[in-house]
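This report refers to the structure that appears directly beneath it.
Labels below follow one simple rule: chain letters A, B, ... track the order of the sequence lines, proteins then strands, and each chain is numbered from 1.
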Protein chains: 2
Amino acid sequence: MDSIVQILKQNNLSVTDGRRKILSLFLNSNGALAHADIEKNTHSHFDRVTVYRTLQSFVDKGIIHTIPTSDNSIKYALCKDECGEGHHHDHHVHLVCTRCGNTFCLDNVVTPTVKLPREYTIQQVEVVVKGICKSCNNP
Amino acid sequence: MDSIVQILKQNNLSVTDGRRKILSLFLNSNGALAHADIEKNTHSHFDRVTVYRTLQSFVDKGIIHTIPTSDNSIKYALCKDECGEGHHHDHHVHLVCTRCGNTFCLDNVVTPTVKLPREYTIQQVEVVVKGICKSCNNP
DNA sequence: ATAAAAAAAGAAACATTGTTGCAAATATTT
DNA sequence: AAATATTTGCAACAATGTTTCTTTTTTTAT
Ligand SMILES: [Mn+2]
Ligand SMILES: [Mn+2]
Ligand SMILES: [Zn+2]
Ligand SMILES: [Zn+2]
């Protein structure tokens with residue numbers, strides 16, 4: 001059975017064209033994708049609303065995670081850790097390349113620990129590095 | 001002379017009602033502000049476009065900085081370090097309170113150092129912590 | 001394989017957010 | 001006070017996101 005179908009079924013998502021196509025985009029991309037990238041890559045084959053709902057359900061199920069950015073654009077990337085419904089554990093650093101504009105999960109770079117004064121409680125630490133990516137550095 | 005006017009003049013910005021009012025909002029707020037907060041607090045006294053342009057010019061001048069978020073909303077906060085035109089040096093951690101929703105600059109918590117593989121170049125590190133803020137913890 | 005039930009997609013209408021060009025108003029300089 | 005430079009508000013537009021409802025598709029049960 002197709003690995004894409006497998007992932008969808010494992011997450012109790014019914015298998016539809018849209019979900020198959022969008023999930024395969026993530027599996028075949030090494031960087032993060034924005035909503036607009038998906039619309040472009042699917043040649044607007046799917047309604048915008050469908051794309052929004054698909055992304056939301058993937059996030060809910062722990063298949064993809066969002067990446068914070070300073071401009072107003074949510075980026076999404078595959079979860080590679082053990083994320084599930086309501087359980088996101090993506091403790092890795094993200095890199096936004098200032099040259100090519102792409103965003104990457106650095107799965108091997110673990111989020112550093114942050115110490116806050118006692119009055120605060122930490123729930124999650126997000127680290128986004130702006131810099132130059134691998135392929136822009138070694139062209 | 002008014003300290004607000006002083007800041008504006010120091011940055012070669014002409015002194016207008018909008019800039020005075022918006023800058024004073026930042027000076028009197030302990031958390032970060034989103035565009036919508038400013039519109040609300042000024043009772044839409046200023047055109048939306050003016051607010052956008054004012055925020056942009058404050059960022060350009062190094063008076064305020066943006067804070068990345070996972071939802072699609074830019075937050076802005078006063079720069080307290082030595083930022084200037086084209087020189088942002090806000091090396092502190094930001095906290096997004098999951099209870100009250102406010103975003104705070106933790107000026108005393110320095111951004112941890114991050115080590116990336118040699119193939120990458122680091123330009124800037126942004127750390128956003130989700131958790132519970134001081135006042136939500138000690139009500 | 002077929003019918004029934006459940007879930008998702010599409011369409012439309014709308015709300016919010018952000019951008020651009022230009023004329024009128026305001027601030028600064030002379 | 002007048003000339004110049006800058007900013008503002010308006011209008012029109014583009015992009016992004018949400019909600020409701022009907023149609024289509026997928027899944028489940030027979
Ligand atoms: Mn990631
Ligand atoms: Mn800050
Ligand atoms: Zn790059
Ligand atoms: Zn709080």
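- Through direct or relayed side-chain contacts under 4.5 Å between Ile, Leu, Val, Met, Phe, Trp and Tyr, A/Val110 connects to no other residue.
- We find that CG of B/Asp47 is positioned 14 Å from P of C/dT19, with the value rounded to whole Å.
- Each end of the helix from C/dA1-D/dT30 to C/dT30-D/dA1 yields a helix axis from five base pairs, and these two axes differ in direction by 30° (to the nearest 10 degrees).
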Compile the donor-acceptor pairs under 3.5 Å between side chains in residues 93-102 of chain A and protein atoms, sequence neighbours left out, one pair per line.
| residue | atom | partner | partner atom | Å |
| --- | --- | --- | --- | --- |
| A/His94 | NE2 | A/His65 | NE2 | 3.1 |
| A/His94 | NE2 | A/His92 | NE2 | 3.1 |
| A/Thr98 | OG1 | A/Gly131 | O | 3.4 |
| A/Thr98 | OG1 | B/Gln123 | OE1 | 2.8 |
| A/Thr98 | OG1 | B/Gln123 | NE2 | 3.4 |

**Fill in**
For nucleotides 17-30 of chain D, 5' to 3', base contacts (B), sugar-phosphate-only contacts (S) and non-contacts (-) with protein non-hydrogen atoms under 4.0 Å give BBBB-----SS---
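- Listed by first and then second residue, the salt bridge (charged side-chain N to carboxylate O under 4.0 Å, His left out) pairs that reach into residues 119-139 of chain A come to none, sequence neighbours excluded.
- There is a side-chain donor-acceptor pair under 3.5 Å between B/Asn137 and A/Thr121.
- At whole-Å resolution of the value, CG in B/Asp37 and P in C/dT17 are 11 Å apart.
- Atom P of nucleotide C/dA8 and atom CG of A/Leu55 are separated by 15 Å, given to the nearest angstrom.
- Note on residues 51-66 of chain A: pairs passing salt bridge (charged side-chain N to carboxylate O under 4.0 Å, His left out), not counting sequence neighbours, are A/Lys61-A/Glu85.
- Regarding B/Gln56, its CD atom lies at a distance of 11 Å from the P atom of C/dT20, rounded to whole Å.
- Atom NZ of B/Lys40 and atom C1' of C/dT16 are 15 Å apart (whole Å).
- The side chain to side chain contact (heavy atoms under 4.5 Å, CB included) check on A/Asn30 picks up A/Phe104, with sequence neighbours excluded.
- Every residue two or more places apart in sequence or in another chain that forms a ring pair (Phe, Tyr, Trp, His ring centres under 6.0 Å) with B/His35 is listed here: B/Tyr52.
- Partners of A/Leu23 by side chain to side chain contact (heavy atoms under 4.5 Å, CB included), not counting sequence neighbours, listed by chain and number: A/Ile4, A/Ile7, A/Leu8, A/Leu27, A/Phe58, A/Ile63, A/Leu78.
- Separation of atoms NZ (B/Lys115) and CZ (B/Arg118) is listed at 9.0 Å; rounding is to 0.5 Å.
- Applying the side-chain hydrogen bond (donor to acceptor under 3.5 Å, both in side chains) test to residues at least two apart or on different chains, none of the pairs has a partner in residues 41-51 of chain B.
- For DNA chain C, no neighbouring residue in residues 63-71 of chain B is found when judged by any heavy atom under 4.0 Å.
- Regarding B/Asn12, its CG atom lies at a distance of 10 Å from the P atom of D/dT7, rounded to whole Å.
- Between A/Phe46 atom CZ and C/dG10 atom C1' the separation is 12 Å, expressed in whole Å.
- In terms of the side chain to side chain contact (heavy atoms under 4.5 Å, CB included) criterion, residue partners of B/Leu33 (sequence neighbours excluded) are, by chain and number, B/Leu25, B/Phe26, B/Ser29, B/Asp37, B/Ile38.
- The separation between A/Phe58 atom CZ and C/dA8 atom P is 11 Å, rounded to whole Å.
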